[in-house]
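Since the structure comes first, as structure tokens, the remarks are kept for the end.
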Amino acid sequence: MKICIIGTGYVGLVTGTCFAEIGHDVTCVDKDAAKVKLLQNGGMPIYEPGLPELVQKNVAAGRLRFTASTPDGVEPAEVVFIAVPTPPQPDGSVDLSFIEGVAREIAACMTSYKIVVDKSTVPVRTGDKVAETIKRYCKAKVECDVVSNPEFLREGFAVDDFLKPDRVVIGVKSQRAVPAMREIYAPINAPLIVTDINSAELIKHAANSFLALKISYINAVSVICEASGANVIEVANGMGMDARIGRRFLDAGLGYGGSCFPKDLSAFIKISETLGYDFRLLKEVQRINSEQMERFAKKILETLWVAKDKTLGVLGLAFKQNTDDVRQSPAIELCQRLQAEGATLRVYDPQAMDKARAVLKNVTYVKTMNEIAEGCDALVIATEWPEFKKLDLEKVRRDLTHPILFDGRNLFDPAEMERLGFIYKSIGR
Ligand code: UGA
């Protein structure tokens, strides 16, 4: 199929590249000319494992190209995907002006029937608005079907999530769009759910909110574990073996962050309010999440007693492993909280240091993981990067003036850390 993707952020670039990989002819459009040039020259605007190789392969095969011109992408395409940002607004709702702008641009250059698919995460009823807008601004007398096809990609695992999804959700108003959507996803081995547009849009918000709820639930349980002497990992393992619950997204830590969960929860609460329902359950999920980081910061501060004039090493700045994304990162918030108490910080992240530099100032960025503890009074682990498990703990213990390690992601075994001579404090154990 001839596909156009508008927006080459995380979602658009992964989606376009993976569609090319499964055999479609894809043009990615972005109005950021510098980004288009970078991609045309073989550069990568984001860190996403496996993506550069796939881009290179599909560009070379002639199935994938980049342009800054919307008409060049839209005119020849049978199906146009919208994958532009929906940033949060101060009141919790999302700013849909990029979606609206793109809908108008598509309408302006539509000269034949198109299927316009929304991939961005949007509040329920956005599809209706997109359809209305295209109809209003389309000069040529051509028809168009709007489809909702929410993405379920996790940063850091996006290529795999795209090529091996649990399900594909297609929300349609007219059955006319269904065969083309089935054809696009035919090479992907996953159940394809066809539903109405509003339900498809809600599936995305409800799924993300439920995953965030699962994380807040286990974080709340971690508080009880600490107070009672239980171990949150044992509890999560035992709960997770119940197939109705499942073990995934039951890792207690510093709480969820990133560009999706915090924004999507606020948006879901807001749209629920607009529709007449006060979603208090999700407000509680948010409250537990922000308390979790604060509780960990207090644990550090109470142990150090006075943070001023102390130097702390911090491992991890990204909002989670496998990404360079620091948006809404609990690790960055923790660093800023510790700085506000007067602590001096040495920090390291395998991928996120460049992006962190823009938001986290007055810290020392160290070049390698194993030099993090040099001259420090304590070490903090803030992101669950797998390589942190291979930390040279003997060196860390020697480098620290006091062998104190705060583990916000439960990477190590408490008994083993004690045996190595550490004062080791983690979450829910
Ligand atoms: C999330 C969803 O998982 C995707 O399905 C969805 O497509 C995406 O949002 C989106 O809406 O675009 P993502 O934000 O990339 O993906 O990251 P996750 O892997 O879901 O992690 C989110 C946060 O939860 C991270 O801060 C992570 O550290 C935290 N987390 C996750 C926990 O604290 N505990 C867990 O057990 C799992």
Side-chain angles (χ1 to χ4, degrees), residues 10 38 42-53 155-157 253-254 257-258 293 296-297 300 304 307-412 417 420-426:
Y10 279 101
L38 176 77
M44 232 348 97
I46 51 166
Y47 170 79
E48 185 61 42
L51 189 61
E53 297 80 356
E155 288 181 22
F157 303 92
L254 295 186
M293 201 282 289
F296 189 64
I300 298 171
L304 299 177
K308 203 164 152 290
D309 301 329
K310 300 233 166 61
T311 302
L312 300 177
V314 179
L315 282 180
L317 299 169
F319 81 96
K320 62 169 191 176
Q321 59 169 307
N322 265 346
T323 181
D324 62 348
D325 197 342
V326 296
R327 286 176 289 175
Q328 302 271 314
S329 167
I332 299 273
E333 282 173 31
L334 178 67
C335 286
Q336 288 165 340
R337 174 82 174 78
L338 296 171
Q339 279 183 316
E341 293 291 330
T344 301
L345 303 182
R346 284 165 63 78
V347 301
Y348 172 79
D349 189 284
Q351 292 294 339
M353 293 208 281
D354 281 346
K355 290 199 172 150
R357 276 189 179 90
V359 283
L360 186 62
K361 315 273 184 199
N362 303 319
V363 301
T364 306
Y365 287 89
V366 306
K367 288 201 177 65
T368 62
M369 161 174 94
N370 283 318
E371 63 189 287
I372 188 74
E374 289 167 15
C376 286
D377 295 285
L379 181 63
V380 179
I381 296 174
T383 306
E384 69 280 26
W385 280 95
E387 48 257 70
F388 294 164
K389 286 191 178 162
K390 298 188 194 121
L391 193 62
D392 182 346
L393 290 168
E394 297 283 354
K395 179 175 182 324
V396 166
R397 201 197 48 222
R398 280 196 309 274
D399 287 344
L400 289 172
T401 39
H402 305 288
I404 310 173
L405 201 154
F406 300 98
D407 184 354
R409 298 290 178 178
N410 287 347
L411 295 189
F412 297 108
M417 295 303 281
L420 289 169
F422 282 96
I423 296 166
Y424 176 73
K425 303 201 175 191
S426 53

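- The shortest heavy-atom contact between T323 and E155 is OG1-OE1, 3.3 Å.
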Open item on the list: I'd like to know whether T364 forms a side-chain contact (heavy atoms from CB on, under 4.5 Å) with T311, so could you lay out the CA-CA distance, the side-chain angles of the two residues, the decisive distance to 0.1 Å, and finally the verdict.
Closed with: CA-CA 10 Å; T364 306; T311 302; over 6 Å; no
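- In this structure, CD1 in I404 is found 6.0 Å from CG in L304, a value given to the nearest 0.5 Å.
- If you take CZ on F319 and CD on Q328, they are separated by 10.0 Å, rounding to the nearest 0.5 Å.
- Taking the charged nitrogens against the carboxylate oxygens, E341 and R337 do have a contact shorter than 4.0 Å, which makes a salt bridge.
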Task: Steps toward side-chain contact (heavy atoms from CB on, under 4.5 Å) verdict (L391, M369) - done: CA-CA 7 Å; L391 193 62; M369 161 174 94; 3.4 Å; yes
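- The two residues D324 and Y10 make their nearest non-hydrogen contact at OD1-OH, 3.1 Å.
- For the atom pair CD1 (I381) and CG (L315), the distance works out to 5.5 Å, reported to the nearest 0.5 Å.
- The two atoms that bring L393 and F422 nearest to each other are O-CZ, 3.5 Å, heavy atoms only.
- Checked by atom type and distance alone, the side chain of Q351 never pairs as donor or acceptor with a backbone atom of A318 at under 3.5 Å.
- Contact detail for V314 and A382: the closest heavy-atom pair is CG1-CB, 4.1 Å.
- Between V363 and C335, the closest side-chain pair of non-hydrogen atoms is not below 4.5 Å.
- When atom types are taken as modelled, the side chain of S329 and the backbone of L317 share a donor-acceptor pair closer than 3.5 angstrom.
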Task: Full working for side-chain contact (heavy atoms from CB on, under 4.5 Å) between L254 and E333 - done: CA-CA 10 Å; L254 295 186; E333 282 173 31; over 6 Å; no
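- I46 is listed as a side-chain neighbour of L51, based on a closest heavy-atom distance under 4.5 Å.
- Closest heavy-atom contact between P330 and G257: CD-CA, 4.0 Å.
- A distance of 6.0 Å separates CD1 of I372 from CZ of R346, quoted to the nearest 0.5 Å.
- Of the possible donor and acceptor atoms, one in the side chain of N370 sits under 3.5 Å from a partner among the backbone N and O of D392.
- Within 6.0 Å of NZ on K395 lie more than 12 heavy atoms contributed by other residues, nucleotides or ligands.
- Between L411 and K389, the closest heavy-atom pair is O-CE, 3.9 Å.
- A salt bridge is defined here as a Lys NZ or Arg NE, NH1 or NH2 lying under 4.0 Å from an Asp or Glu carboxylate O, and E394 with R397 meets this definition.
- Y365 carries R357 over the face of its six-membered ring, with the cationic atom under 6.0 Å from the centre and within 45° of the normal.
- Between the CE atom of M417 and the NZ atom of K425 there is a distance of 13.5 Å, given to the nearest 0.5 Å.
- Within the 4.5 Å cutoff, the side chain of Q339 has heavy atoms near those of the L345 side chain.
- Put simply, the side chain of Q321 never gets that close to the backbone of G156: no donor and acceptor are under 3.5 Å apart.
- Using modelled atom types, no side-chain atom of D377 and backbone atom of T401 make a donor-acceptor pair closer than 3.5 Å.
- Using cut-offs of 30° and 60° on the angle between ring planes, the pair W385 and Y47 is tilted.
- At least one donor-acceptor pair closer than 3.5 Å links the side chain of D407 to the backbone N or O of F412.
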TODO: Decide side-chain contact (heavy atoms from CB on, under 4.5 Å) for C376 and L400; before the verdict, give the C-alpha distance in whole Å, the side-chain angles of both, and the deciding distance to 0.1 Å.
DONE: CA-CA 5 Å; C376 286; L400 289 172; 3.8 Å; yes
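- In this structure, Q336 CD and N362 CG are separated by 11.0 Å, a value rounded to the nearest 0.5 Å.
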